[in-house]
There are 2 protein chains.
Amino acid sequence: MESELACPIAPVVDLVFSRWTTPILWTLNEHGRLRFVELERRIGTITPKVLTQRLRQMERDGLVTRTYHPEVPPRVEYEISELGRSLAPVFHGLAEWSKRNLAKVDEARSRYDGTN
Amino acid sequence: MESELACPIAPVVDLVFSRWTTPILWTLNEHGRLRFVELERRIGTITPKVLTQRLRQMERDGLVTRTYHPEVPPRVEYEISELGRSLAPVFHGLAEWSKRNLAKVDEARSRYDGTN
DNA sequence: ATAGTCACTTTCCTCTAGGTACCTGCTATC
DNA sequence: GATAGCAGGTACCTAGAGGAAAGTGACTAT
């Protein structure tokens, strides 16, 4: 939504790392196709309104596919798309960095706060 | 700031991809040590208040180092730390993904909007 | 007859990140 | 003596994201 000329990855950051998209994508990547309530329950703290919003947006962006089954009660299944799955290496890289360096961040914070 | 139990990379996303941190980190990585106003001008649309906030936060997290020179006029230099630099592969991965797949996102959006 | 399921939608409300605008102390420059 | 530059700090304000709670419609199970 911003120009941010200085940073070429700004658009993809907006796309992939805006609020709730990572938990949704991660969950969908781990558990395959899931129904709305399953997704809701796995993520735990998200409200249905926001979950719908995010899913619509991600469907529009082609990261997620939505399959509607006109039954009663209705059944809707969400699945990560091929495009969404192509983000896996990036996510994996982040997980690795996290494992290696998150402790250092905590140390840095303690040092900065003088609580060492 | 959230639990988000379902997603192990949530903490690092909060850390690295919160607003303005990517442009700042990117700029600092490209141009080496920079003074406050140089950073401000390169990023272009950021306000001094927010830039200060973000820089303090990133200094606390150990991603950036701040060097104060008690001269007149005062000179302060910001530099990306080793920890910050260790994010380079992740950023590179994102840039690559961007180059390869951002067009697909646009296509998906056009398809979704019916403007094809 | 009542309650429950699913996949949302709608309304209302709060909260805070971030923007605007102005201030500081010190100096060099016009 | 007025202005500009540096590196911010401070007070105020607003838009908009996101949460809470209730409703919907069609059906089933108890």
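Protein chains get the first letters and strands the later ones, always in sequence-line order, with residue 1 at the start of each.
The CG-C1' distance, from B:Leu51 to D:dT10, rounds to 17 Å in whole Å. Spacing between atom CD1 of B:Ile43 and atom P of C:dG19 amounts to 12 Å, rounded to whole angstrom units. As a whole-Å value, the separation of B:Ile24 CD1 from C:dG18 C1' is 13 Å. Separating the CZ atom of B:Arg54 from the P atom of D:dG8 is a distance of 15 Å, rounded to the nearest angstrom. With rounding to whole Å, A:Ile46 atom CD1 is found 17 Å from D:dA21 atom P. Atom NE2 in B:His69 sits about 18 Å away from atom C1' in C:dC26, given to the nearest Å.
Contact annotation: A:Arg19 side-chain N/O to D:dA17 OP1/OP2 distance is not under 4.0 Å.
Residues passing the side-chain hydrogen bond (donor to acceptor under 3.5 Å, both in side chains) test with B:Arg33 are B:Glu77, B:Glu79, sequence neighbours excluded. The side chain to side chain contact (heavy atoms under 4.5 Å, CB included) search around B:Glu71 returns B:His69, B:Arg75, not counting sequence neighbours.
There is no path of hydrophobic side-chain contacts, each under 4.5 Å, that joins A:Ile46 to A:Val37. Hydrophobic cluster membership is shared by B:Tyr68 and B:Val64, with clusters built from Ile, Leu, Val, Met, Phe, Trp and Tyr side chains linked at under 4.5 angstrom.
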Per-nucleotide protein contact string for nucleotides 1-16 of chain C (B base, S sugar-phosphate only, - none; heavy atom under 4.0 Å): ----BBSBBBB-----
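Salt bridge absent: A:Arg42 and A:Glu38 never bring a charged side-chain N and a carboxylate O closer than 4.0 Å.
Across A:Ser18 and A:Gln57, no two heavy atoms sit closer than the pair OG-NE2, 4.2 Å.
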